[in-house]
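Beneath this line is the structure, given in structure tokens, with notes to follow.
We count residues from 1, following the sequence as given.
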Amino acid sequence: MPTSPSSSPAPSPTSSGPQWTAEEQTAITASKKQYSAARVAIDAALAAPAKADRVKLEGAGNGGTWINTVLEDIVNFQDYGWYETGSTKVLNTQVSAVNLKLQQPQVDLINCIDSSAVIIRSQQTGKPIPIGAGTSKRQKVSSRMVYAPAATGGVKRWWLITEKELGVC
């Protein structure tokens, strides 16, 4: 139905997403940076699982239940005689929630992780280990970052504490 000249104008476009306060934006920037550092440390650990070090992984911000998942992956790589070449890339990151009023402030991220450059190899032969045909090289994950001291105490910092696969991105 055509509009008449007396119709109200179309609404102006709005920004796509929440507007963050300066304090929230500072937390978002710091947590994104720590998330990237945590992922780099995981790639390094899986590239040399026999030399993987929990202290280094925690030093890069891997904590909570997530550090247990990472350590399980390292043990599996050791048990199967595998290592990884290449590295994952964080293609994009969106912020799904920020709550700085909690005892341990948190930032929830949605990340697209690209593992297309990663090859799992046999330590004996160096040859690639075949993975399932239906395994996607791009995974969408929900990641929770919290601002807290280490379990042993000390200065507060951002920690990657959980990560959950959401599907393909």
Side-chain angles (χ1 to χ4, degrees), residues 26-98 102 104-169:
T26 298
I28 290 166
T29 300
S31 65
K32 283 180 174 182
K33 182 178 178 184
Q34 194 64 60
Y35 179 80
S36 293
R39 290 303 250 164
V40 167
I42 294 166
D43 279 340
L46 293 175
K51 296 178 183 176
D53 183 274
R54 181 182 185 129
V55 173
K56 286 182 184 176
L57 288 162
E58 289 175 341
N62 291 288
T65 58
W66 176 245
I67 188 74
N68 294 328
T69 301
V70 172
L71 293 171
E72 287 172 16
D73 287 347
I74 292 167
V75 167
N76 285 336
F77 269 52
Q78 290 171 343
D79 289 349
Y80 288 112
W82 296 345
Y83 69 99
E84 148 183 317
T85 58
S87 59
T88 57
K89 291 184 180 122
V90 181
L91 295 182
N92 63 53
T93 299
Q94 298 172 337
V95 179
S96 61
V98 177
L102 298 172
Q104 293 183 343
Q106 67 186 42
V107 175
D108 291 342
L109 306 172
I110 304 293
N111 299 291
C112 179
I113 307 297
D114 180 358
S115 61
S116 60
V118 173
I119 299 172
I120 298 172
R121 298 182 179 275
S122 165
Q123 288 184 5
Q124 269 189 324
T125 66
K127 292 183 179 180
I129 303 296
I131 56 174
T135 305
S136 173
K137 294 289 188 172
R138 288 188 178 187
Q139 286 292 316
K140 185 177 187 179
V141 296
S142 171
S143 309
R144 173 151 295 160
M145 305 293 296
V146 298
Y147 189 69
T152 57
V155 178
K156 285 186 173 184
R157 47 124 16 122
W158 287 100
W159 296 89
L160 171 57
I161 62 160
T162 61
E163 191 156 85
K164 179 181 174 187
E165 288 186 19
L166 300 175
V168 178
C169 55

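Closest non-hydrogen pair, Tyr35 versus Ser143, comes out as CE1-OG, 3.4 Å. Annotation for Leu160 and Met145: closest pair CA-SD, 3.6 Å, computed over non-hydrogen atoms. The shortest non-hydrogen separation linking Gln139 to Gly167 is OE1-O, 3.1 Å.
Within the 4.5 Å cutoff, side-chain heavy atoms of Arg39 are placed close to those of Ile113. Contact check for Trp159 versus Ile67: no side-chain heavy atoms found under the 4.5 Å cut-off.
The closest donor-acceptor contact from the side chain of Ser116 to the backbone of Lys137 lies at 3.5 Å or more, if one exists at all.
How far NZ of Lys127 is from OG of Ser122: 9.0 Å, rounded to the nearest 0.5 Å. Separation of atoms OG (Ser96) and CD1 (Ile110) is listed at 4.5 Å; rounding is to 0.5 Å. Atom CD of Gln34 is separated from atom CG of Leu109 by 11.5 Å, given to the nearest 0.5 angstrom. Put simply, NZ on Lys33 and CD1 on Ile28 are 16.0 Å apart, with the number rounded to the nearest 0.5 Å.
Applying the disulfide bond (SG atoms under 2.5 Å apart) definition to pairs two or more places apart or across chains, those involving residues 137-169 are Cys112-Cys169. Among residue pairs with one or both ends in residues 40-65, none qualify as ring-ring contact (aromatic ring centres under 6.0 Å, His included); sequence neighbours excluded.
Partners of Asp73 under the salt bridge (charged side-chain N to carboxylate O under 4.0 Å, His left out) rule, at least two apart in sequence or in another chain, do not exist in this structure. Not counting sequence neighbours, the partners of Trp158 by the ring-ring contact (aromatic ring centres under 6.0 Å, His included) test are Tyr147.
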Using atom types as modelled, flag every donor-acceptor pair under 3.5 Å from a side chain in residues 81-88 to any protein atom, sequence neighbours excluded.
| unit_1 | atom_1 | unit_2 | atom_2 | d |
| --- | --- | --- | --- | --- |
| Thr85 | OG1 | Ile119 | O | 3.4 |
| Thr85 | OG1 | Arg121 | NE | 3.2 |
| Thr88 | OG1 | Asp43 | OD2 | 3.0 |

Would you tabulate the side-chain donor-acceptor contacts of residues 49-64 under 3.5 Å, counting partners in other chains and residues two or more places apart, or write 'none'?
| unit_1 | atom_1 | unit_2 | atom_2 | d |
| --- | --- | --- | --- | --- |
| Asp53 | OD1 | Val55 | N | 2.9 |
| Asp53 | OD1 | Lys56 | N | 2.8 |
| Arg54 | NE | Glu58 | OE2 | 2.8 |
| Arg54 | NH2 | Glu58 | OE2 | 3.4 |
| Asn62 | OD1 | Trp66 | NE1 | 3.0 |
| Asn62 | ND2 | Ala38 | O | 3.3 |
| Asn62 | ND2 | Leu57 | O | 3.0 |

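Residue Arg144 is tested with Asp108, Thr65, Thr162 for a side-chain hydrogen bond (donor to acceptor under 3.5 Å, both in side chains); the sole match is Asp108.
In this structure, Gln123 places its CD atom where more than 12 heavy-atom neighbours from other residues, nucleotides or ligands lie under 6.0 Å away.
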